[in-house]
Amino acid sequence: MPAEAMSSVLMILIMIAVFYFLLIRPESKKKKEAAAMRASLKVGDQITTIGGIVGTICAIKEETIVMETGADRVRIEFTKWAISSKGTQAEQDVTAQEKKDKKDK
């Protein structure tokens, strides 16, 4: 094989490695973390959905979660994949700010 062909193959392999470490690997880590978070949910936890609805878990079924929102105690059933985070957005903002402050010191 000519040197030009080898260098082309080498460049393609390097680009694939870069894409893997910069795009594919971090995305799969995020998916695993989200799945672990959803698996660890229990009754009484405060959650936020991907649509921004905040509530407390009332019941957990195999593929869905029933949550109660607000003082009027409305119950809504969501699929587990629709849960974006444990806790409220305000709590997450506080913890993110605390981490940033520790990092700055």
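Remember, predicted model here, so these are calculated numbers, not experimental data.
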(Q) Go through it in stages, so that I can follow the logic: the residues are Val66 and Ile76, the test is side-chain contact (heavy atoms from CB on, under 4.5 Å), and I'd like the CA-CA distance, side-chain angles, deciding distance and then a yes or no. (A) CA-CA 6 Å; Val66 178; Ile76 307 171; over 6 Å; no
Q.
To the closest 0.5 Å, what do you measure between CD1 (Ile60) and CZ (Arg38)?
A. 13.0 Å
(Q) Using the rule that Ile, Leu, Val, Met, Phe, Trp and Tyr join whenever any side-chain heavy atoms are under 4.5 Å apart, tell me whether Leu22 and Ile14 fall into a single cluster. (A) yes
Q. After noting the C-alpha distance and the side-chain angles of Thr69 and Val54, does the key distance pass the side-chain contact (heavy atoms from CB on, under 4.5 Å) rule?
A. CA-CA 7 Å; Thr69 62; Val54 178; over 6 Å; no
Q) To the nearest 0.5 Å, how far apart are NZ in Lys86 and CD in Gln46? A) 11.5 Å
Q | Side-chain donor/acceptor of Arg75 to backbone N/O of Met67, under 3.5 Å | A | no
Q | Main-chain N/O of Gly87 paired to Thr48 side chain as donor or acceptor, under 3.5 Å | A | yes
Q | Point-to-point distance, once rounded to the nearest 0.5 Å, from OG of Ser84 to CD1 of Ile53 | A | 10.5 Å
Q) Less than 4.0 Å between a side-chain N and a carboxylate O, is that true for Glu77 and Lys61? A) yes
Q | CZ-CD distance between Arg73 and Glu68, expressed to the nearest 0.5 angstrom | A | 4.0 Å
(Q) Could you measure the distance from the CD1 atom of Ile65 to the NZ atom of Lys42? Nearest 0.5 Å is fine. (A) 12.0 Å
(Q) Are Phe21 and Leu13 linked, directly or through intermediate hydrophobic residues, by side-chain heavy-atom contacts shorter than 4.5 Å (ILVMFWY only)? (A) no
Q.
Once rounded to the nearest 0.5 Å, what's the spacing between atom CD1 of Ile57 and atom CZ of Phe78?
A. 11.5 Å
Q. Under a single-linkage definition using a 4.5 Å side-chain heavy-atom cutoff for Ile, Leu, Val, Met, Phe, Trp and Tyr, are Ile47 and Val74 assigned to the same hydrophobic cluster?
A. yes
